[in-house]
Amino acid sequence: MDCLLLVDLQNDFMPGGALAVPQGDEVVAVANQLATRFDFVVASQDWHPPQHQSFASQHRGRRPGETIRLRGVTQVLWPDHCVQGTHGAEFHQGLDRGRVSEVVQKGTDPEIDSYSTFFDNARLRSTGLGERLRERNVGTVYLLGLATDYCVKFSALDAASLGFKVKVVPEGCRGIDLNAGDVQRSWDELRTAGVEIVAAGEIG
Ligand code: VGL
Ligand code: ZN
């Protein structure tokens, strides 16, 4: 069984959103098209409580883009985004929800961020997705979404570490590039970890 994991296709990561990823909206069509070729489609949803400690607003004198230590891991501070129940946290209205069989919410613990759809950033807690993929005999996880250099990268690396074969679809990804070169380095890191980069046209 193959699984398609659609990472964080939410309004706040789209142009005009609180944490807009440049051209983020362009990947929605790629997601919809690819989803028609999979029997098992999972969508992740960044789902933060309003007081989430990854928000710069929660730290006096701190601005988005700065880093702090949180639970022993370096944490980038972000603008408030994907707050539970808000429009920004909803999936892009163009996403074909009918093909999504499961939604995995992450980043719900106010004290630790979770870029990955599998584990939080301190790797203390599992979302349960890895176990559910195993139950369904998934061998290969295909990924696309936002953002290349955060949630896509960490989800792909974790999936690989759990023993799944992992393929990332570059046309379906856009990155933040907080520091110039982050996106390029992410692709290099993924390749080094054994993750395959495959064009959408080569799938199915
Ligand atoms: C993400 C930063 C903060 C992402 C989520 O979806 O890549 N990035 N929260
Ligand atoms: Zn977030």
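No experiment lies behind these values; they were computed from the predicted model shown. The basis for the numbers below is simple: all heavy atoms, side chains too, and nothing from hydrogens, waters or symmetry mates. This chain uses plain numbering: 1 for the first residue, then up along the sequence. For ligands, and for the atoms within them, numbers begin at 1 and follow the listed sequence.
Rounded to the nearest 0.5 angstrom, Asp46 CG and Asp8 CG are separated by 5.0 Å.
The nearest N, O or S atom of His48 is closer to the Zn ion (ligand 2) than 2.8 Å. Taking backbone and side chain together, Asp46 holds an N, O or S atom under 2.8 Å from the Zn ion (ligand 2). Distance check for Cys151 against the Zn ion (ligand 2): none of its N/O/S atoms falls below 2.8 Å.
Arg191 has no carboxylate O lying under 4.0 Å from a charged side-chain N of Glu196, or vice versa, which leaves the two without a salt bridge.
If you check the side chains of Glu90 and Asn11, you find no donor sitting under 3.5 Å from an acceptor. Between the side chains of Gln105 and Gln45, at least one donor N or O sits under 3.5 Å from an acceptor N or O. Residues Thr36 and Arg99 bring no donor and acceptor atom of their side chains to less than 3.5 Å of each other.
The minimum heavy-atom distance between Gly107 and Ser114, with the atom names listed, is N-CB, 3.6 Å. Between Glu171 and Val27 the shortest heavy-atom distance is O-CG1, 4.0 Å. Nearest heavy-atom pair across Arg132 and Thr127 is NH1-O, 4.0 Å.
Counting atoms of ligand 1 from 1 in the listed order, those under 4.0 Å from a heavy atom of His81 are 3 (C), 9 (N). Within ligand 1, the atoms closer than 4.0 Å to a non-hydrogen atom of Cys151 are 1 (C), 4 (C), 5 (C), 6 (O), 7 (O), numbered from 1 in the order shown. Those atoms of ligand 1 that come under 4.0 Å of a heavy atom in Leu146, given as number and element, are 4 (C), 6 (O), 7 (O).
No part of Val152 comes within 4.0 Å of ligand 1, judged by heavy-atom distances.
Backbone and side-chain nitrogen or oxygen atoms of Asp46 are examined, and one is located within less than 3.5 angstrom of a nitrogen or oxygen of ligand 1. Residue contacts with ligand 1: Phe13 is placed with no nitrogen or oxygen under 3.5 Å of a nitrogen or oxygen of the ligand (distance criterion only). Considering backbone and side-chain N/O atoms, Asp8 comes within less than 3.5 Å of an N/O atom of ligand 1.
For Gln10, the closest heavy-atom approach to ligand 1 does not fall below 4.0 Å.
Scanning the protein for heavy atoms near atom 8 (N) of ligand 1, the closest one is Tyr150 CB, 3.8 Å.
When you scan the N, O or S atoms of His81 for the one nearest the Zn ion (ligand 2), you land on NE2.
His48 and Phe55 have perpendicular rings, their planes meeting at more than 60° on a 0 to 90° scale where under 30° would count as parallel.
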